[in-house]
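The structure appears right after this line, and notes come after that.
The shown structure was predicted, so the numbers you read here are calculated from the model rather than taken from an experiment.
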Amino acid sequence: MSTLDPASPPTGELPFFVYGTLLPGEPNHDLFLRGRTSGERAAVLHRALLYDGPGYPYAIDGHGHGRVHGTLLTAAPGVYEELLGLLDHLEEYLGPGHPRNLYERVVREIELPGEERAGKGQPEEGTPEEGAPGAGTVRAWVYLAAAAVTRSLRTGGSVIDGGRWVTRRPPGGPRTP
């Protein structure tokens, strides 16, 4: 999985790809994102694996395998820097390669699957199927597990089959261990 030339930082305001507690319906979505996004849509990070963590997941480089399902978020006008700072703090990202990072914030290509027809479960005419070439991609920030966390996950972590994370709590109820 490439980082799209890490030597030159991206310019402009990139969207964010989220896959855990920041997903719509999850607890951190309302705390950190309510009123700070202008768009949210289903998206997929290819060549990545999702691991179970202590109440939240970790995505790691899948070395050409796997995919993680999530949401692509676009910051609302005028709040990009605020949102970036909030997410960096939440994800314990202190800067590129910092030894105390829990996650690294990196740029990745994110797939935007074709929209489905309401109630039909089939892509709309003229839109590609999920994972099909030409489905459309965008560059976005993604928080991947930092190097030390990744090493630990690869040796003893639990991969989440299918790359979809959901909390282990009943709807409307508190999270259970």
Membership question, hydrophobic clusters at under 4.5 Å side-chain separation (ILVMFWY): are Tyr143 and Leu31 in the same one? yes
Could you tell me the separation between the CH2 atom of Trp141 and the CG atom of Leu73, rounded to the nearest 0.5 Å? 15.0 Å
Can you see which heavy atom on [X] is nearest to which on [Y], and at what distance?
| X | Y | result |
| --- | --- | --- |
| Gly66 | Leu49 | CA-CD2, 3.9 Å |
| Asp52 | Leu153 | O-CD2, 4.3 Å |
| Pro96 | Asn101 | C-ND2, 4.5 Å |

Contacts satisfying side chain to side chain donor-acceptor pair (under 3.5 Å) that involve residues 144-156 (not counting sequence neighbours) are His63-Arg154
Residues, nucleotides or ligands: over 12 heavy atoms within 6.0 Å of His65 NE2: no
Just by distance, with hydrogens left out, do Thr21 and Glu26 show a side-chain donor and acceptor under 3.5 Å apart? no
Pair Glu40-His29, side-chain donor/acceptor within less than 3.5 Å: yes
Check: Arg36 and Glu82 side chains under 4.5 Å, non-hydrogen atoms: yes
Please identify each residue that fulfils ring-ring contact (aromatic ring centres under 6.0 Å, His included) with Tyr58, with sequence neighbours left out. Tyr56, Tyr103
The ring-ring contact (aromatic ring centres under 6.0 Å, His included) partners of Tyr51 (sequence neighbours excluded) come to none
Can you check whether Pro113's main-chain N or O pairs, donor with acceptor, with Arg41's side chain at less than 3.5 Å? yes
